[in-house]
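Any value given below was found using the heavy atoms of this structure, including those in side chains, with hydrogens, waters and symmetry copies removed. Because the structure is predicted, anything quoted here is derived from the model rather than measured. Just so it is clear: chains get the letters A, B, ... in the order the sequence lines come, proteins before strands, and each one is counted from 1.
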Protein chains: 2
Amino acid sequence: MSSEQQITGVDGIAAALEQAIHEHRLSPGMKLGEDDLAEVYGVSRTIVRAALQSLAHNRLVDLRRNRGAFVAQPSIVEAREVFEARALLEARTARSAAERAGPEDIARLQAHIDAEHAALAAGDTGRALHLSGQFHNEIAEIADQATIAEMVARLIARSSLIIAVYWQRRSALCESHAHHELLGAFAAHDADRAEELMQGHLLDLVTSLDLRSDRSAPASLREALAQGGAA
Amino acid sequence: MSSEQQITGVDGIAAALEQAIHEHRLSPGMKLGEDDLAEVYGVSRTIVRAALQSLAHNRLVDLRRNRGAFVAQPSIVEAREVFEARALLEARTARSAAERAGPEDIARLQAHIDAEHAALAAGDTGRALHLSGQFHNEIAEIADQATIAEMVARLIARSSLIIAVYWQRRSALCESHAHHELLGAFAAHDADRAEELMQGHLLDLVTSLDLRSDRSAPASLREALAQGGAA
DNA sequence: GTGCGCATGTTTGTATACAATCATGTTGCA
DNA sequence: TGCAACATGATTGTATACAAACATGCGCAC
């Protein structure tokens, strides 16, 4: 599983950066110099700029004119807003998914949950969080509403960053249980319950965050990126 | 009101192109050649590419690799999805706006409605549609939910394109009446009614579209852009 | 000693040049 | 006559060069 593959293209760079942000290798507020990124990934600034623009559009990086790009630092109100929007949208996707989910969808979601459990058991909370996000994404896809699914996907990506910032370690992430319940509602085609569970799940997620204090931890860029993603 | 102002910067080009799309000067499916746009606006392809990327992110243009940029042609299912998403999100914004709207908000919205009436009376349906979109945008801002407001803004922009494609002339746009009712609910702080009215309003909008057949009408690029926006 | 102003280096913004890919029209062969 | 392969032109993808703005540090004046 050595990720020695050469990263290429705008989308590749954008994906690599996004992954680095989600894995908390790039801390919020960290400067993303164009020359540095270009050298790290072995491409020109043209590509880097396009990738940064793409990420900025998803609110993962903050682009300041003549100042440069920085990893976004979602504010507390932004954190609340994102999860409120998710509750609104995903209540709908959960409902639709409960109505539409076929056996193969159930199986796929179950596999996600299993993988999540495994990652959690292995102590890889980073991967567990990633899979958790993917789970929500999968639900949005099953709902067969591409427009809403796309918005949900963006919000999930932002959530990942928000969690990276405001996560308080003491609250155990027992969400896999919530996911399991959700899956049960899908299997039973119980739309009302699915909607309710999803809203409760997202509410739990918000309350598990520490939305009072803010922190920051800038570090070295090249170091953070060297261990993964680059050639 | 001569728009002889020099358009500059990525955002300027993007805004000009977006306006041209909304005003139906750029028809869906029309090719947006980088060299052409660069020459029309007097900038380099670098700027044009960035602007096109931005519009592509909002689904206003379709970017095909090694093929070029084209004005988006929203499909019928996409049209339905966009308005369904709007109904979901704007039901919330309408509710929040009803709860939070102050006198100055009411006044601003009333001014919007008046302007809309005036444009309609003057036969400028294009401007009326633009103002109608702005009205919805204003509501989202009053709701004080920046995240949702931003999503709504994007959906409104897409709606504008959708309306340009699927509008059937025979259905009179009596929406200003709906807007007036909505305003009444805001003034009365009747959240339930506001939510209901908004959903009904958007539902009416969808049904006023012709979502059965599809059409297309490509034309000349420079001609379409020459009359407005460029220096 | 402190604060302002300037000089210098670094970084971003923009334009242009080159490479790669795609579209098109022509020519040769069946 | 029809189709296929190729040559050619046009357009996009990428890299690089230049210009402008910002940040930093030093020196000088107060």
* Asked: Taking only residues two or more places apart in sequence, or in another chain, which ones meet A:Arg59 in a side-chain hydrogen bond (donor to acceptor under 3.5 Å, both in side chains)?
  -> B:Glu150
* Asked: Crowded around A:Arg154 CZ? As in, over 12 foreign heavy atoms under 6.0 Å?
  -> yes
* In degrees rounded to 10°, what angle is found between the helical axes fit to the five outermost pairs at each end of the helix from C:dG1-D:dC30 to C:dA30-D:dT1? -> 0°
* **Gap between atom CD1 of A:Ile162 and atom CG of A:Leu211 - 0.5 Å precision** => 8.5 Å
* To do: Mind checking the CD1-CG spacing from A:Ile142 to A:Asp105? Nearest 0.5 Å is all I need.
  => 4.0 Å
* To do: Using the ring pair (Phe, Tyr, Trp, His ring centres under 6.0 Å) rule, collect all pairs that involve residues 42-73 of chain A, keeping only residues at least two apart or in two chains.
  => A:His57-B:His57
* To do: Mind telling me whether B:His179 and B:His136 have parallel, tilted or perpendicular rings, with 30° and 60° as the class edges?
  => perpendicular
* Given that B:Glu34 and A:Ser44 both sit by DNA chain D, which one's nearest nucleotide is further toward the 5' end? -> B:Glu34
* Rounded to the nearest angstrom, tell me the gap between atom CZ in B:Phe70 and atom C1' in C:dC22. => 11 Å
* Hey, where on DNA chain D does chain A first and last touch, going 5' to 3'? Cut-off is any atom under 4.0 Å from a heavy atom. -> D:dT14 to D:dA23
* Structure fact -> Within residues 57-68 of chain B, those residues having any heavy atom closer than 4.0 Å to DNA chain C are B:Asn66, B:Arg67
* To do: Assess whether side chain to side chain contact (heavy atoms under 4.5 Å, CB included) is satisfied between B:Glu81 and A:Ile148, documenting all intermediate values.
  => CA-CA 8 Å; B:Glu81 283 188 2; A:Ile148 291 179; over 6 Å; no
* CG on A:Leu37 to CZ on A:Arg49, rounded to 0.5 Å -> 12.0 Å
* Atom CD of B:Glu141 and atom CD of B:Gln134: how far apart are they, to the nearest 0.5 Å? -> 10.0 Å
* Asked: Which salt bridge (charged side-chain N to carboxylate O under 4.0 Å, His left out) pairs, counting each pair once, include a residue from residues 63-75 of chain A, with sequence neighbours left out?
  -> A:Asp62-A:Arg64
